[in-house]
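Structure first, then comments.
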Amino acid sequence: MAVHVHRITMFKLPGGDKQQQLIQAYKVLDQTSVKDDGKPYILSMIVGLPEEDPRSRGYTVACKTEFASMDDMKYYDEQCTAHQTLKATARDLGVGADGVLTVFFEARLTGGISP
């Protein structure tokens, strides 16, 4: 099993219009995120709106990205121009430091019926 890095980021962003704008910003990121060699490096990205549920604790937009390595994720955080643009858009939409939560991990177990 290849060891990939899975990253989950959630935003507290009220208002359906702003949420849709953030999703659109992720669409742009998906189309423009490349490394210095011009090649895409994000293995997968899924973005959605969590269902209303007390367990969501006010988070209204969620994204799961997958990277081939920790180095690729660090590139995403520190050097990717497309990601910097996404972060600026989130700030412009009103997401503050306490309105975003990010966790990342390497899988220790996989399961389920999907290959």
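These values consider heavy atoms only, across backbone and side chains, with no hydrogens, waters or symmetry-generated copies.
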message: side chain to side chain contact (heavy atoms under 4.5 Å, CB included), that's the test. Do L86 and L22 meet it? Break it down for me.
response: CA-CA 8 Å; L86 175 92; L22 185 58; 4.2 Å; yes
message: Counting only heavy atoms not in E106 (residues, nucleotides, ligands), do more than 12 fall under 6.0 Å from its CD?
response: yes
message: So that I can tick it off, tell me whether K35 and D37 are bridged by a salt bridge, with the cut-off set at under 4.0 angstrom between side-chain N and carboxylate O.
response: no
query: Should V103 and Y59 be counted in the same cluster of Ile, Leu, Val, Met, Phe, Trp and Tyr side chains packed under 4.5 Å apart?
result: yes
query: How far apart are the closest heavy atoms of K87 and D77, and which atoms are they?
result: NZ-O, 3.5 Å
- prompt: Between I23 and Q20, is a side chain to side chain contact (heavy atoms under 4.5 Å, CB included) present by the stated rule, with each step listed?
  reply: CA-CA 5 Å; I23 290 171; Q20 290 303 318; 4.1 Å; yes
For H83, the option from F67, Y26, Y76, Y41 that meets ring-ring contact (aromatic ring centres under 6.0 Å, His included): Y76
- request: Might you point out which heavy atoms bring T89 and A25 nearest each other, and give the distance in Å?
  value: CG2-CB, 3.9 Å
query: Taking all non-hydrogen atoms of both residues, which atom of M45 and which atom of C63 are closest, and how far apart?
result: CG-SG, 3.8 Å
task: Determine the minimum heavy-atom distance between P14 and T60, stating which atoms define it.
output: N-OG1, 4.5 Å
- prompt: Take atom OH in Y75; do more than 12 heavy atoms of anything else shown fall under 6.0 Å from it?
  reply: yes
- request: Return the minimal non-hydrogen interatomic distance between V95 and V100, and the atom names on each side.
  value: CG1-CB, 4.2 Å
- request: Apply the test side chain to side chain contact (heavy atoms under 4.5 Å, CB included) to residues T65 and T9: give CA-CA distance (whole Å), side-chain angles for both, the deciding distance (0.1 Å), then the verdict.
  value: CA-CA 8 Å; T65 46; T9 303; 5.8 Å; no
query: Between CE of M73 and CD of E78, what distance do you get to the nearest 0.5 Å?
result: 8.5 Å
task: Begin with the C-alpha distance, continue with both residues' side-chain angles, and end with the deciding distance and a verdict on side chain to side chain contact (heavy atoms under 4.5 Å, CB included) for V61 and L49.
output: CA-CA 5 Å; V61 178; L49 304 176; 3.8 Å; yes
query: Are any non-hydrogen side-chain atoms of V28 and T85 less than 4.5 angstrom apart?
result: no
- prompt: Does V47 belong to the same Ile/Leu/Val/Met/Phe/Trp/Tyr cluster as L93, with side-chain heavy atoms less than 4.5 Å apart forming each link?
  reply: yes
- line: Taken to the nearest 0.5 Å, the spacing of D36 CG from Q79 CD works out to 6.5 Å
message: With rounding to the nearest 0.5 angstrom, report the CD1 to CD1 distance, I8 to I46.
response: 10.0 Å
- prompt: Take atom NZ in K74; do more than 12 heavy atoms of anything else shown fall under 6.0 Å from it?
  reply: no
query: Hey, what do you get for CG (L43) to NE2 (H6), rounding to the nearest 0.5 Å?
result: 9.0 Å
Heavy-atom closest contact (I42 atom, S33 atom, distance): CD1-OG, 3.4 Å
- prompt: Distance from K12 atom NZ to D98 atom CG, nearest 0.5 Å?
  reply: 7.0 Å
field: Greater than 12 external heavy atoms within 6.0 Å of Q31's CD
entry: yes
